[in-house]
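In the text below, chain A, chain B and the rest are named by the order of the sequence lines, each starting its count at 1.
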Amino acid sequence: MMLQQTQTGTVAPYFAAFLKKFPDVHALARADRQDVLSLWAGLGYYRRAHLLHEAARVVVNELAGTFPSTVDGLLELPGIGRYSAGAIASIAFDVSAPILDGNVKRVLSRVFAVRESHNEASTVARLWQLSTTVIPRKRCGDFNQALMDLGATVCKPKTATCNACPIATVCQAHALQLTQEIPSPRVRSKPKDLHLTAFIIKAGDFVLLHRRPDTGLWAGMWELPSAETNGSEAEQVGDAILPAGVRGSLKKSESVGIVKHQLTHRTVRFQVYRGHCKKHRLPASFRWANANDELPLPKAFQKILSI
DNA sequence: AAAACGGGGCT
DNA sequence: AGCCCAGTTTT
């Protein structure tokens, strides 16, 4: 689940910490979601953490702790789609199932000289078909992993090293000198601008944090109190989002500048303000947090707090 | 069919 | 500054 759209090198330390805390499916199933999110903090695509937690609960509560071993059974679990079901079935259970991830798409496109864009659903369907046809009868899991590793280490997007490729002799793109042209570039939408005003409100060693809703960007994660600005004055933003007690005793807050944070579909620009006050009782969605609390905080807010 | 969903590695 | 990464779910 962590590896979905995330490189293995990035995942490794998160995976180690996660398994140390939750050694098996039972430990994960009875965990608090906040603790699951804390170990996911910084990894991104936080819905994956929620879905994995749900999947663990299904395995324990509805499947008597036994993990599904078929593609169809795996597809029933939250957060497991066609790729993950095929990968788990073939690698863990030696089922002859195809996979199609970013690496395999690129490798198969080149080997079979598929020039159509991966944006087209029909192209992806064709690649799934090809992935099915190339599966061997034995050691299909090893074969699938080899396909992915070939894409990750040899048949790379920009610098394919065909002279080091074990299957260059059967690669149609190589024969036709089309390796650089395949796959054709993906059409991508431009990142949209998101302007947020964020407040660093401190009370001694504590900082005011707010829990985000369970939907949308950074769902269920904690944040510095913030809101979309849309041209309105930061002071009004503060009036709108800060708890009344905090607002009343807030010493003059001052701007500490702009923090830019780049996401795939958003360019987030934080206008950051700093202020301090005494600790107050807070509404349920707020907390006075210190370093020991380990609340799940997205990278964007980790960055702001490290200023 | 398209959008939403993070963050970082690599060129 | 782009492009991509062991994709899935929701709209």
5' priority, DNA chain B, between A:Ala121 and A:Ala300 [closest heavy atom]: A:Ala121

For nucleotides 9-11 of chain B, list the nitrogen or oxygen atoms of the protein found under 3.5 Å from its nitrogen or oxygen atoms, one pair per line.
unit_1: B:dG9; atom_1: O4'; unit_2: A:Gln7; atom_2: OE1; d: 3.1

Sorted by number, the residues of [range] with heavy-atom contact under 4.0 Å to DNA chain C:
range: residues 84-104 of chain A; value: A:Ser84, A:Asp101, A:Gly102, A:Asn103
range: residues 38-49 of chain A; value: A:Arg47
range: residues 125-150 of chain A; value: A:Gln145, A:Met148

Can you tell me how far [atom1] in [N] sits from the matching atom in [M], rounded to whole Å?
N: C:dT10; M: B:dG6; atom1: P; result: 14 Å
N: B:dG9; M: C:dT8; atom1: P; result: 23 Å
N: C:dC5; M: B:dC5; atom1: C1'; result: 15 Å

Looking at residues at least two apart in the chain, or sitting in another chain, which of them share a ring-ring contact (aromatic ring centres under 6.0 Å, His included) with A:Tyr83? none

Which part of the nucleic acid, if any, lies within contact of A:Gly9, taking any heavy atom under 4.0 Å across all strands shown: a base, the sugar-phosphate backbone alone, or nothing?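 Answer is nothing: A:Gly9 stays at 4.0 Å or more from every strand.
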
Donor-acceptor pair, distance only, cut-off 3.5 Å: does the side chain of A:Arg269 make one with the backbone of A:Val259?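 No, the answer is negative, given that no donor and acceptor are paired below the 3.5 Å cut-off.
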
Can you find a side chain N or O atom of A:His261 that sits less than 4.0 Å from OP1 or OP2 on B:dG6? no

Against the six-membered ring of A:Trp128, is A:Arg82 placed for a cation-pi contact (under 6.0 Å from the centre, within 45° of the normal)?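 Checked: cation-pi criterion met.
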
Establish, for the pair A:Lys279 and A:Phe206, whether the NZ or CZ atom is under 6.0 angstrom from the six-membered ring centre and no further than 45 degrees off its axis.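 Satisfied, under 6.0 Å and within 45°.
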
Pull out every residue in residues 182-193 of chain A that has a heavy atom closer than 4.0 Å to any atom of DNA chain B, ordered by number, or say none.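 Heavy-atom cutoff 4.0 Å gives A:Lys192.
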
